[in-house]
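Presented below is the structure to which this report refers.
Note that these values count all heavy atoms, side chains included, but never hydrogens, waters or copies made by symmetry. Chain naming here is simple, since letters A, B, ... match the order of the sequence lines and numbering starts at 1 in each.
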Amino acid sequence: MRQAVENIDGWAAATTVLPAVVVERTQNPQHGDYSVTLPLKLARSLRQPPLVIAERLAGRLELPDGFAEVAIAAPGFINLRLLPSWLRAQLVPIKEAGTQWGRSSLGHDIPVQVEFVSSNPTGPLLFSHARGAVVGDVVARVLEASRFKVQREYYVNDKGRQIRLFGESLRARILDEPVPEGGYQSEYVRDLAQELEPRAREMSSSLDPRVLAELGMEQTMTSIREDLRRLDIKHDQEFLESSLYDGRWDGETWQELRSKGRVVERDGAVWFVTGADKDEVLFKRDGEPTYFASDILYHRDKLERRGFQRSIDVWGADHQGQVGRVKQALEVLGIDPARLQVLLVQLVSVKRGAEAVRMSRRAGVGITLKEMLDEVGPDPVRYFFLLRSADAHMQFDVDLAKQQSSDNPVYYAQYAHARLANVLAFGADAGADAGVSDLERLDSEWELELMRVMLRWPDVVREAAESLEPHRLAFYTDELAAAIHRFYKNCRVVTDDRPLTAARLQLCLAARTTIGNALGLMGVSAPDRM
RNA sequence: GCCCCCGUAGCUCAGUGGAUCAGAGCGGUUGCCUUCUAAGCAAUAGGUCGCAGGUUCGAAUCCUGCCGGGGGCGCCA
């Protein structure tokens, strides 16, 4: 496809530097399947009208297999159309690829880490955490489908002031004393204290807050893992913040920054010199490192010591301010900051009835993920999050997600899959195999349209992987489901016409493969029956 | 004050590094089940793409400035 256009380069190369040759999909099917806008871009440097250029180029085009006519359209497009016979022939490779259909080797086994969720082990996952969890997981899935070597990591903040307060709060609850200033007042900690008390007393008769914090984190992580499991999310590794402070890695890193003149002591604290108007604290006056300090050690560890080419971090939008300074510190350490990509996931508000409740991490209030999973189930949670781009604020409509009815967009896609599965089962004996000649019977607008949509699937996966935009999968799935429903409505599959039946069953099989793979990449179930 | 995200149909949101259409779902109105699942299909109403300039043959899309909503700018996490 692209190579075909390269062939014309020689013709124009003499004049000037060529703009990139781009073959894009047409937005309007009336204009064919692909279009080239090169003539419009060349018009100025060639000093010829774009239409003339288009005609000369079109005449020289060597089309690869599968393309029918080349058309010129004002003001200077070259439009290409796929041959129906070529479309039909693609059903065979889709069938052969099966669950592999849509995968690519784009990533060439490059090691990439996706770090997501990373909620503190001092309380349950809130529903607001789930958006980042889903986005991170699907980014990981899409990268895996593009043959990146992906590791999913959960970064556990298991040290510092918050953990100390956590332990002290647990102790206070057990002893029925007041929770310390700034401590954890939540019901969760109260219940946890009660649950841990017998073991805690056994392990530490004095109820050492450190032991309590340890037990509490262990317990909390267990429940977090369980919540994530229900969303079909599993991390390969839980990385402990405390492991960064082994006395060598941290010492070496600070030494490196110091040698570059980027560390100063002032007011009893240790600062990273940004060179901008405001420096950043690395070590507080009480000697404890800040999160920023840990972030530096952590990302250096991933990108330098552990050898990941890229680290894709999924953060809440409220951490936006940290991106710049972590990247800056990495650069000082000689690490290309572009290797760290931060996906900022915007906040979620929950709509229940007519009421919208904003969920902010800071506000600390909100529905837990567990409660939401109990109420609506994992499929709507995943699908709804994927129906929004990560950088858009979104409103989660609980009532809609909960509806087991046609209004719920999840079912639209799942129903398309179930219908196909049903037809395939119904017609099993009639469609054992179809030859290429039979496939020629597939010539209605609905059948050809369905094929066109299916054939975009590999591009969708690739684009989602390149842009790190998992919502593209959901929008594609919706389109594909629409094409399937229209086909189903207008083309009776199982009839007395055996060859036609066989051909249509082949189409159903390919379509089910495609939508099944799409749902699978999103981690949404694809039922055979609804 | 500075930085980031958003502003597109009544509602929730796609599209946005130019040309080739302003779109989907929900909600409104109206049709379609003797045949493989109507959790579906089809039709219809509904929008100065926040405002104002600018660049261009062409701007929802790029630039500038405003307005509005959200988030950040801690020796908090």
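Note: CZ (Arg472(A)) to C1' (C13(B)) measures 16 Å, nearest angstrom. Between the CG atom of Asp391(A) and the P atom of C4(B) there is a distance of 14 Å, rounded to whole Å. If you take NE2 of His319(A) and P of C73(B), they are 10 Å apart, rounded to a whole angstrom. Gln346(A) places its CD atom 15 Å from the C1' atom of C13(B), with the value rounded to the nearest Å. For the pair Tyr488(A) OH and A42(B) C1', the computed distance is 17 Å after rounding to whole Å. The CG atom of Leu343(A) sits 14 Å away from the C1' atom of C4(B) (whole-angstrom rounding).
Atom P of A39(B) sits at a distance of 24 Å from the matching atom of U44(B), rounded to the whole Å. Separating the P atom of G25(B) from that of C3(B) is a span of 40 Å, rounded to the nearest Å.
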What pairs of nitrogen or oxygen atoms, one from the protein and one from nucleotides 10-12 of chain B, lie under 3.5 Å apart?
unit_1, atom_1, unit_2, atom_2, d
U12(B), O2', Arg388(A), NH2, 2.7

Could you spell out the base pairing of RNA chain B in dot-bracket, with Watson-Crick or G-U pairs whose two distances are under 3.5 Å, [ ] crossing and | to another strand?
((((((((.[[[[.).......]]]].(((((.......))))).....(((((.......))))))))))))....

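Of the candidates A14(B), A77(B), G72(B), the closest approach to any side-chain atom of Gln322(A) belongs to A77(B).
If you find the closest nucleotide of RNA chain B to Thr290(A) and to Ser389(A), the one lying nearer the 5' end belongs to Ser389(A).
Residues from residues 158-167 of chain A lying near RNA chain B, meaning a heavy-atom separation below 4.0 Å, are Arg161(A), Gln162(A) in numerical order.
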